[in-house]
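Report on one structure; see the data block that follows.
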Amino acid sequence: MDTTAGTHITRRTTDDSHDRRTFETEVIAAAIIVWFRENGRDLPWRRPGFTAWGTLVSEFMLQQTPVNRVIPHLEAWLDRWPSPVELAAEPPASAVRAWASLGYPRRALWLHAAAVEITERHGGTVPEDVGALLALSGVGDYTARAVAAFAYGHRHPVVDTNTRRVIARAVDGQGEPGPPSRRDLTAMEAILPRGVVEARTFNAGIMELGAIVCTARAPRCQECPIREACAWRAQGYPPYLGARKPTQKKYEGSDRQVRGLIMRELRSTHRPVTDTEIEQLWPDAVQRDRALTGLLGDGLAIATVDGYTLPS
DNA sequence: CAAACGTGGAC
DNA sequence: TGTCCAAGTTT
């Protein structure tokens with residue numbers, strides 16, 4: 001927190017001992033809301049009339065995949081499957097094919113499974129309740145709250161990598177957030193505006209701020225609406241000394257790459273892929289078998305007498 | 001809790 | 001060229 005001004009105000013706005021709202025955090029929230037209304041991107045899931053199902057699909061696709069790569073696949077997906085009922089009526093293979101090269105194809109399988117669960121347990125309507133959302137396949141803390149908040153307007157803290165980074169910098173004065181923790185949720189809750197409308201806009205706005213201004217690399221502080229209130233800036237941008245996320249392993253030559261090659265082959269045809277064809281994909285038999293066994297275990301590949309297929 | 005899980009663009 | 005990063009979830 002900024003301690004440079006002798007007039008710094010720390011009045012609490014509630015008796016809740018977990019509430020970290022102060023004059024400073026309320027200024028930050030208000031500035032983000034105003035900034036977002038002016039500067040938020042025109043994205044499909046922000047269009048009026050965008051459905052809860054559309055929101056759920058978009059959140060699945062946005063898990064670790066950049067916005068620009070998601071948009072065309074999202075629109076094609078929703079044209080084909082306007083509600084979970086239509087998707088649930090198709091085999092998982094259709095979902096995995098439509099997922100194409102978005103990456104992490106288990107998400108396609110989970111999204112299909114979630115569509116079946118929504119159809120069977122919720123009459124084909126995406127649930128509003130965070131608990132019910134969390135019970136769906138592939139839906140975790142982030143996605144459940146994002147759907148409840150953005151599709152249904154409920155007041156929930158939405159925590160993702162962007163909100164964690166903005167709070168780490170602006171509020172905590174750290175250049176990077178620490179490892180993800182349940183405390184992130186309470187930290188976000190603690191500064192979330194009380195009003196339903198304000199909370200919804202703040203959730204979207206702080207994510208947007210982290211995505212296009214307060215970025216991981218080369219943040220554009222001169223364009224930041226909360227630069228005057230930013231604790232990290234006030235302290236002279238001290239370097240981050242805490243635990244770093246482990247460096248990502250090399251993709252070239254990894255099991256992930258082999259899985260990706262096999263999945264690409266399975267998606268490319270409606271006929272079973274033979275052992276011989278699988279062998280052409282990667283020279284190392286041990287690694288190849290490990291990848292294939294993993295895919296079978298994940299349910300992304302099915303063994304038949306004629307070879308391997310997507311799950312039907 | 002750490003590790004696994006795809007893919008492609010940016011610097 | 002190699003590293004970093006992207007609206008996470010699961011085991």
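Throughout, protein chains are lettered first and strands after them, A, B, ... in sequence-line order, and every chain is numbered starting at 1.
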Quiz item: Can you pull the salt bridge (charged side-chain N to carboxylate O under 4.0 Å, His left out) pairs that have at least one residue in residues 291-310 of chain A, sequence neighbours excluded?
Solution: Arg259(A)-Asp298(A)
Quiz item: Thr163(A) near the nucleic acid: base, sugar-phosphate alone, or nothing, with a heavy-atom cut-off under 4.0 Å?
Solution: nothing
Practice problem: Establish whether Val147(A) and Phe60(A) are linked, either directly or via other cluster members, by ILVMFWY side-chain heavy-atom contacts under 4.5 Å. | Solution: yes
Quiz item: Taking any atom under 4.0 angstrom from a heavy atom of chain A, which nucleotides of DNA chain C are the first and last to qualify, 5' to 3'?
Solution: dC4(C) to dT10(C)
Below 3.5 Å between N/O atoms, which protein atoms pair up with nucleotides 7-11 of chain B? Just atom names and distances, please.
from	atom 1	to	atom 2	distance (Å)
dT7(B)	OP2	Tyr251(A)	OH	3.0
dT7(B)	O2	Arg69(A)	NH2	2.8

Practice problem: Would you mind telling me which residue lines up with the more 5' stretch of DNA chain B, Pro179(A) or Leu300(A), judged by nearest nucleotide? | Solution: Pro179(A)
Quiz prompt | Gap in Å between the two P atoms, one belonging to dG8(B) and one to dT9(C), rounded | solution = 23 Å
Quiz item: Do Glu90(A) and Arg80(A) meet the salt-bridge criterion of a basic N to acidic O distance under 4.0 Å?
Solution: yes
Quiz item: How would you list all residue pairs meeting salt bridge (charged side-chain N to carboxylate O under 4.0 Å, His left out) that involve residues 276-292 of chain A, not counting sequence neighbours?
Solution: Asp255(A)-Arg290(A)
Quiz item: Mind checking whether Leu43(A) and Ile212(A) sit in one hydrophobic cluster, side chains of I, L, V, M, F, W, Y counted as touching below 4.5 Å?
Solution: no
Quiz prompt | ILVMFWY cluster, Phe50(A) and Phe150(A) together (side-chain gap under 4.5 Å) | solution = no
Self-check item: Interatomic distance at C1', dC1(B) relative to dG8(C), whole Å
Solution: 16 Å
Exercise. Name every residue in residues 106-116 of chain A that has at least one heavy atom under 4.0 Å from any atom of DNA chain C, in order of residue number, or write none if there are no such residues.
Key: Trp110(A)
Quiz item: So if you build clusters from Ile, Leu, Val, Met, Phe, Trp, Tyr with side-chain heavy-atom gaps below 4.5 Å, do Leu281(A) and Leu300(A) land together?
Solution: yes
Exercise. Determine, for Glu265(A) against Arg271(A), whether the closest basic-nitrogen to carboxylate-oxygen distance falls under 4.0 angstrom.
Key: no
Practice problem: Using a heavy-atom cut-off of under 4.0 Å over every strand shown, decide if Arg164(A) touches base, sugar-phosphate, or nothing. | Solution: nothing
Exercise. Write down the distance between NE2 (His73(A)) and P (dG6(B)), rounded to a whole number of angstrom.
Key: 16 Å
Exercise. Not counting sequence neighbours, which residues clear ring-ring contact (aromatic ring centres under 6.0 Å, His included) with Tyr237(A)? List them please.
Key: Trp232(A)
Quiz item: For Ile262(A), which contact category applies under a 4.0 Å heavy-atom criterion: base, sugar-phosphate, or nothing?
Solution: nothing
Quiz prompt | Single-linkage hydrophobic cluster, 4.5 Å side-chain cutoff, Met207(A) and Leu56(A) together | solution = no
Practice problem: Check every strand shown and say whether Trp45(A) touches a base, only sugar-phosphate, or nothing at a heavy-atom separation below 4.0 Å. | Solution: base
Quiz prompt | For DNA chain C, the residues among residues 138-153 of chain A that have a non-hydrogen atom under 4.0 Å from it | solution = Gly138(A), Val139(A), Gly140(A), Asp141(A), Tyr142(A), Thr143(A)
Quiz item: Does a side-chain heavy-atom distance below 4.5 Å link Pro127(A) with Leu136(A)?
Solution: yes
Quiz item: Taking only residues two or more places apart in sequence or in another chain, which ones pass ring-ring contact (aromatic ring centres under 6.0 Å, His included) with Trp77(A)?
Solution: Trp81(A), Trp99(A)
Quiz item: Under 4.0 Å between a Lys/Arg side-chain N and an Asp/Glu carboxylate O for Arg107(A) and Glu59(A)?
Solution: no
Quiz prompt | Atom P, compared across dA10(B) and dA7(C): separation rounded to whole Å | solution = 14 Å
Quiz item: What's the CZ-P distance between Arg183(A) and dC1(B), to the nearest Å?
Solution: 11 Å
Quiz item: How is Lys250(A) classified with respect to the nucleic acid when contacts are heavy atoms under 4.0 Å: base, sugar-phosphate, or nothing?
Solution: nothing
Exercise. With sequence neighbours excluded, give me every side chain to side chain donor-acceptor pair (under 3.5 Å) pair touching residues 199-213 of chain A.
Key: Arg41(A)-Glu208(A), Arg46(A)-Glu208(A)
Self-check item: By ring-ring contact (aromatic ring centres under 6.0 Å, His included) - contacts of Trp35(A) (at least two apart)
Solution: none
Self-check item: Selection: residues 74-88 of chain A, any non-hydrogen atom under 4.0 Å of DNA chain C
Solution: none
Self-check item: For Arg164(A), all residues meeting salt bridge (Lys or Arg N to Asp or Glu O under 4.0 Å), sequence neighbours excluded
Solution: Asp184(A)
